[in-house]
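To start, the structure itself, in structure tokens.
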Amino acid sequence: MQPTALSGLPAGVGEALEAEGVADLYPPQEAAVEAGVLDGESLVAAVPTASGKTLIAELAMLSAIERGGKALYIVPLRALASEKKAEFERWEDHGVTVGVSTGNYDSDGEWLATRDVIVATSEKVDSLIRNGAPWIDDLTCVVSDEVHLVDDASRGPTLEVTLAKLRQVNPGLQTVALSATVGNADVIAEWLDAELVESEWRPIDLRVGVHFGNAINFDDGSQREVPVDRGEEQTARLVADALDTEEEGQGGSSLVFVNSRRNAESSARKLADVTGPRLTVDERDRLRELAAEIRGVSDTDTSEDLADAVEDGSAFHHAGLAAEHRSLIEGAFRDRLIKCVSATPTLAAGVNTPARRVVVRDWRRYDGEFGGMKPLDVLEVHQMCGRAGRPGLDPYGEAVLLASDADTMDELFDRYVWADAEPVRSKLAAEPALRTHVLATVASGFASTRGGLLEFLENTLYATQTDDAGRLAAVTDSVLEYLAANGFLERDREGGTESLSATGIGHTVSRLYLDPMSAATMIDGLRDVCAVDDAAVEGAAAGAYERSAAADAADDGEDPGFGTYSRVGGDDGGETDADDADVDAAGDPASDITPLGLYHLVSRTPDMYELYLKSGDRETYTEICYEREAEFLGDVPSEYEDVRFEDWLAALKTARLLEDWADEVDEDRIAERYGVGPGDIRGKVDTAEWLLRAAETLAADVDGVDGDAVLAVRRARKRVEYGVREQLLDLAGVRDVGRKRARRLYEAGVETRADLREADKGVVLGALRGRERTAERILEHAGREDPSMDGIDADRSASAAATAGSGDGDDEGQASLGDFR
DNA sequence: CGTCCATATCTGTAGACAGCATGTC
DNA sequence: CTACAGATATGGACG
């Protein structure tokens, strides 16, 4: 079937596809057309990666737009959102407009309503529904990429509920779900009332095999001799073999999957010995430039190690890397400059990075819950293998699992090569998931009674899959109880029906996109300190208070999730002695609220990913816990009796990291001290920023909009956001002034925004290392009348003072963490 | 007495969404 | 109830 023969697409699209080289549709695409994607039929396409799934989605969306509709493309990762956007933008020539909306990037709120195609993450779509984005009603086509992720325990339920909501809002909605080949695609199709297109077909052949001894044994019965000399690494030999196999004049790149960050790094180091000697002079030059760029992203050891490996054409890839690191590596690997990437599973599910050969080195991964090394899911291994075969470059892709003995080889064949992927199973009936979604469902008006709620939940995959309807109802009831007890929902029993409505705070929590338990934790902590400090404000916050007070009374049981409210005497631990001399301790109630207290509060919330306690950390943080006991908001669990103490310490470690960041500690110090990578630091800071912003809103509810708590939270948030001490807050708020410039200006004697307007220009210029343009911009943003730097000489002493004060080397030109995004 | 290698012991373990309002060196 | 690779410490043989 030729693209020009398709009907229902915008004018010129068929020809454009042909020009792109699409002479004939792939069999699964053809099947999708026959199933009616172009006519608005819903469809589940369960096909391998890189077999043209995206085109199926495009056909659906473009034909929907041609009929005057609007399409939404749901992605699982932010990085994929930009990738898809770029891909879809080629239709702008045909009058199709594209917009993106993710947590950190919005192509302008209102403007989205005018876009034909919107790309967003599932969480963002959920949030947009909760906040009543008007264009949701206009959607006629929704595409869900990687739907098999509904199986994911933490994020799957969001996708599931979001699809159910979209379909309820708009019963005629065309739903196109793209899935990996899974065990039960038919069930997904049944759930979505969709046609099913299932296929194993791939445009590039994939040969899967197991290497053992001196050869790879492929699934088709063929063998490839790859002898491993004594003492030589199996992986290294396979990577070398792929590189030395010159087909189409190109040595093939490899992707090596391992099971930990550390393994990824050490593997990359070792494989550098394989890739290094095979580089051309030109490649070496370009890699040196790339390495310099990598070093510029961050000055941590991680960054340095990565750059070292990259100079030899090898790289590692895991979540400890900063986002820039990752995209630099992905790009250079796609451009065939980097010959080999050793990666954790980040890369298996992330952006498109095909390789000539995929080596699955580790097939087991540590799992704390499991209590040891757990074999990877079949689906996961299939996804890794699916990365083999670069379109247009390779005649076929090779995926190789490694076995060290014959028994393992047999097991790998049985377990992965011959096996079908597991069936997808909904994880919706877990309490944390329902807690969030039940509140949101009620708050945004999808249900107003218990019966209506259960009816709505009938539209989820969970309901389609389970034969035990009672379980969902039971979990729902316990969640309703929790939400009511914490004052997020009101329940009224009248006759046989139980009506549900969200309270003011319930609506707020839903819109803030907080886990209700996070909100409860934060409210609890904030109320604790406000109640002690400021009884007068109580009246203003009565709305939020009463509910919870009533809830307290209703709840006698010690449910750990509820938190305990009464802490006797918040200031019994002596003076809280924060590092900030600027805070007026005496007589200022907000001084009871220290940044550490707030960082700990948000860190012990379920929305913050836990930092690991390593050996020795227990003692370290137990000590800190006692030293700074007075700063914590809420009750400190007992070291000996309370199982929550461990979590409390883990949160304390996170809080300390944030405190260090807000104390201008260099990122390499932080990385070393907490055993994390630059990506982790940035992630923590980002999450804290988000949660503190939410806490600010909650504090306004508890303490009144101008309460001390609100101000304290805002200050703590800004300090994390800018990564500066209290004294630099004013300066760092000026546009173009960040962590480093603020510190240099301050050391040169320019301490406030007002100083910037008055200060000697020579001093300012000196502190900014003689950058005239930058200095002018900053003065302008600070509101100076005459920002011109014409004829000003940089003050040498200002420059010297600034350099000495900032503590890092001169002229390194290194970006700090605060520079990301 | 220092070096090198073989063996025992210890240690630590994948991932990444959201709000809000615009910009670092 | 469950593992295992890499880093580090330990110890012995050797020149």
Side-chain angles (χ1 to χ4, degrees), chain A residues 75-79 81 101-106 108-109 120-128 130-131 149 152 154-155 158-159 257-267 269-270 296 318-320 323 326 343-350 361-362 364-368 370-376 380 436 511-515 518 607-609 612-616 675 679-680 682-684 686-687 689-697 717 721-723 732 734-742 744 768-769 771 774 777-778 781 806 808 811-821:
Chain A
V75 289
L77 296 167
R78 291 201 287 233
S101 182
T102 66
N104 58 5
Y105 184 70
D106 240 337
D108 209 0
T121 54
S122 38
E123 284 78 6
K124 188 63 186 192
V125 177
D126 187 17
S127 168
L128 288 165
R130 295 185 190 194
N131 288 285
L149 291 172
D152 184 279
S154 65
R155 299 182 52 207
T158 305
L159 178 57
F257 285 106
V258 298
N259 64 2
S260 73
R261 293 178 178 189
R262 208 172 57 178
N263 285 341
E265 295 183 16
S266 70
S267 167
R269 210 177 306 128
K270 274 183 278 191
H318 59 62
R326 290 203 234 175
T344 55
T346 7
L347 218 54
R361 197 194 78 175
D362 303 331
R364 283 183 288 215
R365 183 169 54 224
Y366 180 85
D367 181 331
F370 184 73
M373 298 303 272
K374 187 180 176 183
L376 300 184
E380 213 171 338
T436 300
R511 280 196 300 260
L512 286 172
Y513 211 77
L514 286 176
D515 181 329
S518 297
D607 276 309
M608 179 75 86
Y609 207 76
Y612 239 66
L613 281 185
K614 303 187 181 185
S615 72
D680 300 298
R682 188 56 232 181
K684 288 282 174 282
D686 212 38
T687 307
E689 207 181 304
W690 165 55
L691 287 171
L692 285 167
R693 201 177 282 270
E696 211 174 306
T697 307
R717 191 206 82 215
E721 187 179 341
Y722 304 139
V734 177
R735 193 168 152 175
D736 280 346
V737 180
R739 230 186 171 207
K740 303 217 157 168
R741 286 176 180 169
R744 278 199 288 273
L768 297 171
R769 294 173 175 169
R771 305 283 159 80
T774 308
R777 267 205 324 277
I778 289 173
H781 296 146
S806 73
D808 59 12
D811 274 322
E812 295 266 310
Q814 283 171 337
S816 82
L817 262 185
D819 304 340
F820 292 170
R821 252 191 271 226

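Chain A is the first sequence line, chain B the second, and so forth, proteins listed ahead of strands; every chain is numbered from 1.
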Is [X] touching bases, backbone alone, or none of the nucleic acid, heavy atoms closer than 4.0 Å?
X      : result
A/G683 : nothing
A/R130 : nothing
A/V734 : sugar-phosphate
A/K124 : sugar-phosphate
A/L77  : sugar-phosphate
A/T102 : sugar-phosphate
A/A319 : base

Pairing check on [N]: which nucleotide meets the Watson-Crick or G-U wobble criteria with it, both distances under 3.5 Å?
N      : answer
B/dA14 : none
B/dG19 : none
B/dT3  : C/dA13
C/dA7  : B/dT9
B/dT24 : none

Which listed nucleotide ([options]) is nearest to the side chain of [X]?
X      : options                : value
A/D736 : B/dG19, B/dC17, B/dG23 : B/dG23
A/R735 : B/dT24, B/dT13, B/dA21 : B/dT24
A/R693 : B/dG19, B/dA18, B/dA16 : B/dG19
A/R155 : B/dG23, B/dA18, B/dA16 : B/dA16

What is the separation between atom [atom1] on [X] and atom [atom2] on [N], rounded to the nearest whole Å?
X      : N      : atom1 : atom2 : answer
A/D152 : B/dA14 : CG    : P     : 16 Å
A/E380 : B/dG15 : CD    : P     : 11 Å
A/N131 : B/dG19 : CG    : P     : 7 Å
A/H781 : B/dC25 : NE2   : C1'   : 15 Å
A/D515 : B/dA18 : CG    : C1'   : 12 Å
A/E689 : B/dC17 : CD    : P     : 15 Å
A/L376 : B/dT13 : CG    : P     : 18 Å
A/R78  : B/dC17 : CZ    : C1'   : 7 Å

Given A/S260 and A/T344, is the side chain to side chain contact (heavy atoms under 4.5 Å, CB included) satisfied, shown in steps?
-> CA-CA 6 Å; A/S260 73; A/T344 55; 5.7 Å; no
If the P atom of B/dA14 is compared with that of C/dA7, how far apart are they to the nearest Å?
-> 15 Å
Distance between the P atoms of B/dA18 and C/dC1, in whole angstroms?
-> 39 Å
Could you run through nucleotides 2-10 of chain C and give me one letter per nucleotide, 5' to 3': B if any protein heavy atom sits under 4.0 Å from the base, S if only the sugar-phosphate is that close, - if neither?
-> BBSSSS---
Of the non-hydrogen atoms in A/S267 and A/R361, which two are nearest, and what is the gap between them?
-> CB-NH1, 4.2 Å
Mind checking the [atom1]-[atom2] spacing from [X] to [Y]? Nearest 0.5 Å is all I need.
X      : Y      : atom1 : atom2 : value
A/K740 : A/R769 : NZ    : CZ    : 8.0 Å
A/K124 : A/R78  : NZ    : CZ    : 10.0 Å
A/N259 : A/R365 : CG    : CZ    : 8.0 Å
A/Y513 : A/D126 : OH    : CG    : 3.5 Å
A/L691 : A/S518 : CG    : OG    : 6.5 Å

Taking the side chain as every heavy atom from C-beta outward, state whether A/T346 and A/R326 have any atom pair closer than 4.5 Å.
-> yes
Derivation and outcome, side-chain hydrogen bond (donor to acceptor under 3.5 Å, both in side chains), residues A/D680 and A/Y609 = CA-CA 10 Å; A/D680 300 298; A/Y609 207 76; over 6 Å; no
For A/V737 and for A/P76, locate the closest nucleotide of DNA chain B by heavy-atom distance; then report the residue assigned to the nucleotide nearer the 5' terminus.
-> A/P76
First encountered from the 5' end of DNA chain B, between A/R717 and A/D367 = A/D367
Base of B/dA18 and ring of A/W690 stacked, centres under 5.5 Å, planes under 30° | yes
Can you check whether A/S127 has a side-chain N or O nearer than 4.0 Å to OP1 or OP2 of B/dG19?
-> yes
